[in-house]
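By convention in this document, chain letters (A, B, ...) are assigned in the order of the sequence lines, proteins followed by strands, and residues within each chain are numbered from 1.
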Protein chains: 2
Amino acid sequence: MATPPANDRPIFGVGFFLSTLGFRSHEMWAERLVPLGLDSRQAAMLLNVARAEGRSQQALAQALKIPPSRVVVLVDDLERRNLLQRRADPADRRIRLLHLTPDGRAMVERLARVAAEHDDWLSVGLDEAERDQLVALLRKAAAGLELSGTVHSGLAGGEWEPADLG
Amino acid sequence: MATPPANDRPIFGVGFFLSTLGFRSHEMWAERLVPLGLDSRQAAMLLNVARAEGRSQQALAQALKIPPSRVVVLVDDLERRNLLQRRADPADRRIRLLHLTPDGRAMVERLARVAAEHDDWLSVGLDEAERDQLVALLRKAAAGLELSGTVHSGLAGGEWEPADLG
DNA sequence: TATTGTTATACTCTATAACTATA
DNA sequence: TATAGTTATAGAGTATAACAATA
């Protein structure tokens with residue numbers, strides 16, 4: 001049978017559950033970050049830099065889709081707390097290269113643990129097979145949306161920029 | 001085999017994809033509402049009232065988890081545009097009962113069509129079986145989270161408050 | 001002249017708290 | 001006195017635009 005006409009379809013479909021669960025996931029993620037003293041964006045920044053140290057602030061702003069002016073203050077804070085470090089680019093002195101400090105690297109590991117906890121919490125209603133299935137389907141849906149626009153992705157290789165994590 | 005230790009688990013799991021896709025879903029949903037002249041919250045309000053006409057503003061505020069003061073201005077706007085109507089409660093004159101106007105009902109039907117389009121768009125990478133599977137898994141995950149706190153739900157009966165739709 | 005990072009400004013949301021009218 | 005709705009105020013978060021240094 002074909003897809004039923006719009007009016008016969010449930011309002012509570014993919015979009016509804018995705019938005020609702022996504023919202024709740026983000027909400028809870030932010031809560032888990034409080035003890036770490038991190039903003040969800042700052043967490044994303046740390047993970048992003050961890051994946052490619054030596055990024056410029058500009059690149060980061062683009063990946064996270066936030067204005068460069070906002071990156072400044074967030075990096076300011078991370079630098080003050082010795083998690084991130086701005087280094088000069090010998091080739092172009094306008095650019096600040098972002099690097100993790102040892103504390104920053106420790107924080108990234110902590111983030112990985114918290115993310116795992118978070119995932120467990122999110123999928124508490126699912127058994128292991130279902131959880132794998134869910135991730136696979138979400139991945140596929142994301143690929144179909146060419147989400148590279150929103151979250152810079154190289155989906156083909158299974159690589160994701162954690163731009164919006166949180 | 002058991003769940004692997006936190007540090008060996010991918011950062012890009014359920015939480016990441018749920019947040020990312022949920023965010024994108026909401027973003028696109030809001031875009032689709034622009035031509036209708038609706039805010040995502042206003043859309044949720046209309047759907048909410050459609051499911052139970054005669055709700056009070058207070059009840060609506062609780063269901064949508066937004067302060068009553070905010071409900072006022074949103075209802076003001078919807079009333080000005082003849083989509084919603086405030087009626088006096090004969091039993092308690094403090095209360096305003098919310099009802100859809102004929103225009104409001106037409107708008108709800110339009111919303112149903114837009115929501116169907118939106119769902120199609122979201123699941124463009126999936127075939128029909130996969131899409132059904134995804135909804136089922138999301139539903140199950142939502143049930144596991146006892147999401148009734150965030151989105152007032154009677155999940156058992158498959159009934160959802162569209163509080164956070166969008 | 002264009003670009004990186006920065007600072008300053010202005011604006012949009014949002015929540016909070018005062019206020020009124022009923023109960 | 002307590003509650004529904006409303007109004008007013010103040011605060012957070014955000015983007016925009018001006019600015020300085022370098023290319």
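- Counting to the nearest Å, the P atom of C/dC13 and the CD atom of B/Q42 are 12 Å from each other.
- Between the CD atom of B/Q58 and the C1' atom of D/dT3 there is a distance of 8 Å, given to the nearest Å.
- Going from atom CD of A/Q57 over to atom P of C/dT7 covers 10 Å, rounded to whole Å.
- Looking at B/S123, its side chain does come within 3.5 Å of a backbone N or O of B/D119 through a donor-acceptor pair.
- The nearest whole Å value for the distance from the CD1 atom in B/I95 to the P atom in D/dA2 is 18 Å.
- The hydrophobic cluster around B/V72 extends to none of the other residues, as no ILVMFWY side-chain heavy atom falls under 4.5 Å of it.
- Between B/H26 and B/W29, the distance separating the two ring centers is not shorter than 6.0 angstrom.
- Summarising the geometry of A/E53 relative to A/A50, their closest heavy-atom pair is CG-O, 4.5 Å, with the distance given to 0.1 Å.
- A heavy-atom distance below 4.0 Å to DNA chain C is reached by none of the residues of residues 78-86 of chain B.
- For the pair A/L74 and A/R41, the tightest heavy-atom approach, listed with the atom from each and the gap, is CD1-CB, 4.1 Å.
- Atom CD of A/Q62 is separated from atom C1' of C/dT3 by 12 Å (rounded to the nearest Å).
- Counting to the nearest Å, the P atom of D/dG5 and the CE atom of B/M45 are 11 Å from each other.
- In this structure the side chain of B/L33 reaches within 4.5 angstrom of the side chain of B/L111, judged on heavy atoms.
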Worksheet entry | Verdict with supporting geometry, B/R81 and B/D77, salt bridge (charged side-chain N to carboxylate O under 4.0 Å, His left out) | CA-CA 6 Å; B/R81 294 162 58 196; B/D77 184 54; 3.3 Å; yes

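- Through direct or relayed side-chain contacts under 4.5 Å between Ile, Leu, Val, Met, Phe, Trp and Tyr, A/I95 connects to A/L97.
- DNA chain D is contacted by A/P67, A/S69, A/R70 of residues 67-76 of chain A, taking any non-hydrogen atom closer than 4.0 Å.
- By the criterion of side-chain heavy atoms lying less than 4.5 angstrom apart, applied directly or through intervening Ile, Leu, Val, Met, Phe, Trp or Tyr residues, B/L36 is not grouped with B/V34; the two fall into different hydrophobic clusters.
- For the pair A/L97 CG and C/dG5 P, the computed distance is 9 Å after rounding to whole Å.
- Following rounding to the nearest Å, B/R41 (CZ) and C/dT12 (P) show an atom-to-atom distance of 16 Å.
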Worksheet item: Can you check salt bridge (charged side-chain N to carboxylate O under 4.0 Å, His left out) on A/D120 and A/R131, steps first, answer last?
Response: CA-CA 9 Å; A/D120 288 343; A/R131 180 210 196 118; 2.8 Å; yes

Contacts under 3.5 Å, N or O only, protein and nucleotides 20-23 of chain D:
| unit_1 | atom_1 | unit_2 | atom_2 | d |
| --- | --- | --- | --- | --- |
| D/dA23 | OP1 | A/R93 | N | 2.7 |

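- Every salt bridge (charged side-chain N to carboxylate O under 4.0 Å, His left out) that B/R86 has, sequence neighbours left out, goes to B/D76, B/E79.
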